[in-house]
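Beneath this line is the structure, given in structure tokens, with notes to follow.
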Amino acid sequence: MKTITEGRKILVQNKKAFFNYFLSDFLECGIELEGSEIKSIRAGGCSISDSYVIIRNNEAFILNMNIAPYDKASNFTHDPLRTRKLLLHKKEIKKLSDKITLDGYTIVPTKIYLKKGLCK
């Protein structure tokens with residue numbers, strides 16, 4: 001399911017999020033990945049259907065994002081369900097934190113794509 005829209009190559013999409021949640025705001029951010037994780041994502045070995053975002057110590061993290069181990073990697077493979085840091089500015093994290101605590105929002109990822117060679 002790789003489609004190209006507006007200079008972006010969509011690799012993974014969370015169709016359940018559009019059905020289960022009312023989506024109001026959208027935000028683009030980077031993901032801190034290890035070496036073999038990006039190769040696995042490009043090969044289609046990623047799932048975000050059960051993942052969500054939390055704010056801890058003024059940093060944003062994504063939980064339950066499943067990235068399958070890359071089969072051609074050496075013995076230094078990654079944990080498929082490890083917690084990954086999201087790359088956001090402090091103002092954006094503060095805004096998200098306020099929405100979670102005051103309004104009771106849940107932050108869910110809707111898609112993973114490549115933009116200018118970077119995973120967003």
Side-chain angles (χ1 to χ4, degrees):
M1 168 169 182
K2 297 177 184 175
T3 59
I4 297 175
T5 57
E6 303 169 11
R8 294 183 262 182
K9 183 177 180 182
I10 297 174
L11 302 174
V12 180
Q13 215 167 8
N14 187 357
K15 292 182 181 178
K16 282 175 48 177
F18 292 96
F19 181 75
N20 292 336
Y21 300 99
F22 172 73
L23 303 176
S24 62
D25 296 333
F26 294 91
L27 183 68
E28 177 182 273
C29 64
I31 308 169
E32 187 178 77
L33 298 172
E34 293 179 354
S36 62
E37 288 178 331
I38 187 65
K39 292 181 180 186
S40 181
I41 290 174
R42 286 178 188 242
C46 181
S47 171
I48 57 171
S49 61
D50 295 329
S51 60
Y52 59 97
V53 176
I54 62 166
I55 309 293
R56 191 182 325 148
N57 298 329
N58 294 325
E59 294 180 332
F61 296 96
I62 187 166
L63 301 170
N64 293 338
M65 180 176 163
N66 187 3
I67 300 177
Y70 188 61
D71 57 342
K72 296 176 185 166
S74 64
N75 55 0
F76 300 109
T77 58
H78 61 274
D79 180 23
L81 290 173
R82 77 176 181 89
T83 303
R84 292 165 182 90
K85 186 176 177 180
L86 296 177
L87 307 174
L88 291 164
H89 292 283
K90 286 182 184 180
K91 285 183 183 179
E92 294 170 332
I93 293 173
K94 177 75 171 124
K95 181 180 166 186
L96 291 176
S97 178
D98 290 343
K99 290 217 180 217
I100 290 172
T101 56
L102 300 177
D103 299 333
Y105 279 43
T106 301
I107 304 171
V108 293
T110 56
K111 63 180 92 172
I112 296 177
Y113 56 89
L114 294 175
K115 183 177 179 182
K116 296 182 182 178
L118 300 175
C119 187
K120 305 274 184 189

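Keep in mind the model is a prediction, meaning the values are calculated, not measured.
In this structure, the side chains of Glu37 and Ile31 stay at 4.5 Å or more apart for every pair of heavy atoms. Side-chain contact between Cys119 and Leu114: present, with at least one pair of heavy atoms (C-beta onward) separated by less than 4.5 Å. Annotation: side chain of Pro69 is not in contact with side chain of Ser40 (no heavy-atom distance under 4.5 Å). The closest side-chain heavy-atom distance from Cys46 to Ile112 is below 4.5 Å. Side-chain atoms of Tyr113 and Lys9, non-hydrogen and from C-beta on, never get closer than 4.5 Å to each other.
In the hydrophobic clustering of ILVMFWY residues, with side-chain heavy atoms under 4.5 Å counting as a link, Leu96 and Val53 come out together. Ile54 and Leu87 end up in different hydrophobic clusters when Ile, Leu, Val, Met, Phe, Trp and Tyr side chains are linked at under 4.5 Å. In the hydrophobic cluster analysis, where Ile, Leu, Val, Met, Phe, Trp and Tyr join through side-chain heavy atoms closer than 4.5 angstrom, Leu27 is grouped together with Ile100.
Side-chain N or O atoms of Asn66 include none that pairs as donor or acceptor with a backbone N or O of Ser47 at under 3.5 Å. In this structure, Asn14 contributes its side chain and Ile48 its backbone to a donor-acceptor pair below 3.5 Å.
At most 12 non-hydrogen atoms from other residues, nucleotides or ligands lie less than 6.0 angstrom from CG of Asn58.
Here the straight-line distance linking atom NZ of Lys39 with atom CG of Leu33 works out to 13.0 Å at 0.5 Å rounding. Once rounded to the nearest 0.5 Å, the distance linking CD1 of Ile38 with CD1 of Ile67 reads 8.0 Å. The structure places CD1 of Ile107 at 9.5 Å from SG of Cys29, a figure rounded to the nearest 0.5 Å. Atoms CD and CG, on Glu28 and Leu118 in that order, are 9.5 Å from each other to the nearest 0.5 Å. Distance check, rounded to the nearest 0.5 Å: OG1 of Thr83 to CE of Met65 gives 11.5 Å. Taken to the nearest 0.5 Å, the CZ atom of Arg84 stands 10.5 Å off from the CD atom of Glu32.
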Got a list of side-chain donor-acceptor pairs under 3.5 Å for residues 18-25, not counting sequence neighbours?
{"unit_1": "Asn20", "atom_1": "ND2", "unit_2": "Lys16", "atom_2": "O", "d": "3.4"}
{"unit_1": "Asp25", "atom_1": "OD2", "unit_2": "Lys99", "atom_2": "NZ", "d": "2.8"}

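Between Tyr70 and Glu34, the side chains place no donor N or O within less than 3.5 Å of an acceptor N or O (distance only, hydrogens not considered).
When all heavy atoms of Val108 and Ser51 are compared, the closest pair comes out as CG1-O, 4.0 Å. The two residues Leu63 and Arg56 come nearest to each other via the heavy atoms CD2-NH2, 4.5 Å.
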